[in-house]
Protein chains: 2
Amino acid sequence: MSTTERATRDGDAGARIAERIREQILRGHYPPGTRIRQVDVAEQFGASRVPAREALRILEHDGLVRLVANTGAWVSTLTLAECDEIYRMREALEPLLLSYSAPALEAADIERLGALATEMAATDDVDRFLELDREFHLGSYAGAQTSQLGELVVKLWNTTQPYRRAYTRSIGGDARRIVHDEHHLIVSSLADGDIEDAGRVLAGHIRRTRRQLSRHPELFESITAR
Amino acid sequence: MSTTERATRDGDAGARIAERIREQILRGHYPPGTRIRQVDVAEQFGASRVPAREALRILEHDGLVRLVANTGAWVSTLTLAECDEIYRMREALEPLLLSYSAPALEAADIERLGALATEMAATDDVDRFLELDREFHLGSYAGAQTSQLGELVVKLWNTTQPYRRAYTRSIGGDARRIVHDEHHLIVSSLADGDIEDAGRVLAGHIRRTRRQLSRHPELFESITAR
DNA sequence: CGTGGTGTAATTGCATCCAATCAACGTTCT
DNA sequence: AGAACGTTGATTGGATGCAATTACACCACG
């Protein structure tokens, strides 16, 4: 069929399927609360239900899907409190991750981060902004050689992605300018080699976003209904 | 059989099996590097290999087991760098978790923490110490109503457990006394309602342990050989 | 008219069976 | 004799089929 795929049979179909579903969730094709059936997943990827279940379990541990025994799987929904918690975790962890990454960043890398910040400030398309924002921050962590921290931060970004999209749509141009200023500040500190200061600005950046987000409880009530 | 068990068929055998294996790993029955075969797991729990595989995948995401496609599963091994990374994460996260928990702790809870700290200082048995230490710290987080942070901290404790055991055996009485002093300091700050100070002491506690640990690379080399 | 109970359909969970892959051993060629 | 190669055994990965559980709709009853 046109939408079905053929597994290349390299021994880990579950992980590959999970990867594809993850992309679809992050792109907003499956909004929070959507039910995901094993049969549909299996059929879509031309596999049996066994790897489909494994994929769902992987996504559950990624925090993108909620599994209930004997019942089914749904795309995760977040309450405001849960989202707030994740942002507090990010505020604590991302400066640490940046301290792992910064020493390994070359001048060219930092230049590219600056270009991303500039391009981000110029665009008006929400989806494009989200893409660039993710590329900017995760790009600033590209030098980190960590075994767990890097993956964890990506996971935290992923679980909050749908709400970041809704939030970005709702904020005005003024709050956005502050965001862009902070991005450029981070780039400057990195260029100066002042890792500690870059971490401080980054923590403030995340903290401010969290406080802004807490003023928009309607983003969560609307979705959490299920 | 005598050692085999009967699943109560409540719809999530994989999770239950994973729980049992997790306990066994944490108790040191399966040291890092030990191979775990699906057939053995299935047989031990009177189940088929399907839930056994699910259990292993759960443990993989817990960081307790390393899975290689088409090859097998081994109890995770940590390098010194990885262990150091985890301690840095704990240093950033556990004060945050404590700030979630502390307001909900009753006077009786804090009293019990003090009793644990005292008992811990009195014992000479390593396994008993580890048990009490875990009960003390995780007990101080019992008031936290978090969705991810609590579980993550437990996961970080679990993955480093075998090395904490080896490390505890190696340190002398002097370093131990500092540990116990810090425990009592945390209890005092909590009793005073000074959450911020409790967090500071806790961060220092974890930080000191990390620095001590980095002076014992032999704990990792001996195991990592596989 | 609303509420509780029951039966059926749909979906998940687990066991069994077969295929694919990897590791180890013995063999053969240089 | 040493190293590369092919073969065999063991182990994991995936597909199918059946049992158990749950959800939903319909009906009876208060």
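Note that the structure is predicted; figures quoted are calculated from it, not measured. A, B, ... follow the sequence lines: proteins, then strands. Residue 1 opens every chain.
One atom, CZ of B:Phe45, and another, P of C:dG13, lie 19 Å apart when rounded to the nearest Å. Rounded to whole Å, the distance from CD on B:Gln38 to C1' on D:dT12 is 5 Å. Here the C1' atom of nucleotide D:dA15 and the CD atom of A:Glu43 are 15 Å apart, to the nearest Å. Atom CG in A:Asp12 sits roughly 20 Å away from atom P in D:dT11 (whole-Å rounding).
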Only pairs under 3.5 Å count here: list side-chain donor-acceptor contacts from residues 88-97 of chain A, not counting sequence neighbours, and write none if there are none.
from	atom 1	to	atom 2	distance (Å)
A:Arg88	NE	A:Asp84	OD1	2.8
A:Arg88	NH2	A:Asp84	OD1	3.4
A:Arg90	NE	A:Glu94	OE2	2.5
A:Arg90	NH2	A:Glu94	OE2	3.3
A:Glu91	OE2	A:Arg207	NH1	3.1
A:Glu94	OE1	A:Tyr141	OH	2.4
A:Glu94	OE2	A:Trp157	NE1	3.0

For residues 24-34 of chain B, which side-chain donor-acceptor pairs fall under 3.5 Å, sequence neighbours excluded?
from	atom 1	to	atom 2	distance (Å)
B:Gln24	OE1	B:Tyr30	OH	3.4
B:Thr34	OG1	B:Pro31	O	2.5

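Nearest to the side chain of A:Asn70, among D:dT22, D:dT16, D:dT12, sits D:dT22. Comparing atom distances between the B:Ser48 side chain and each of C:dA23, D:dT22, C:dT16 picks out C:dT16 as nearest.
Listed by chain and residue number, nothing satisfies the salt bridge (Lys or Arg N to Asp or Glu O under 4.0 Å) test with A:Glu60 (two or more places apart in sequence, or in another chain). Listed by chain and number, the residues in a side-chain contact (heavy atoms from CB on, under 4.5 Å) with A:Val41 are A:Ile17, A:Ile21, A:Ile36, A:Phe45, A:Ala52 (sequence neighbours excluded). The side-chain contact (heavy atoms from CB on, under 4.5 Å) check on A:Thr123 picks up A:Asp125, A:Arg128, A:Phe129, A:Leu132, with sequence neighbours excluded.
A:His183 and A:Phe136 have tilted rings, their planes meeting at an angle from 30° to 60° on a 0 to 90° scale.
In this structure, A:Arg35 and B:Ile36 both approach DNA chain D, and ranking their closest nucleotides by distance from the 5' end singles out B:Ile36.
Interface residues of residues 49-65 of chain B facing DNA chain C, ordered by number: B:Val50, B:Pro51; criterion, heavy-atom separation under 4.0 Å.
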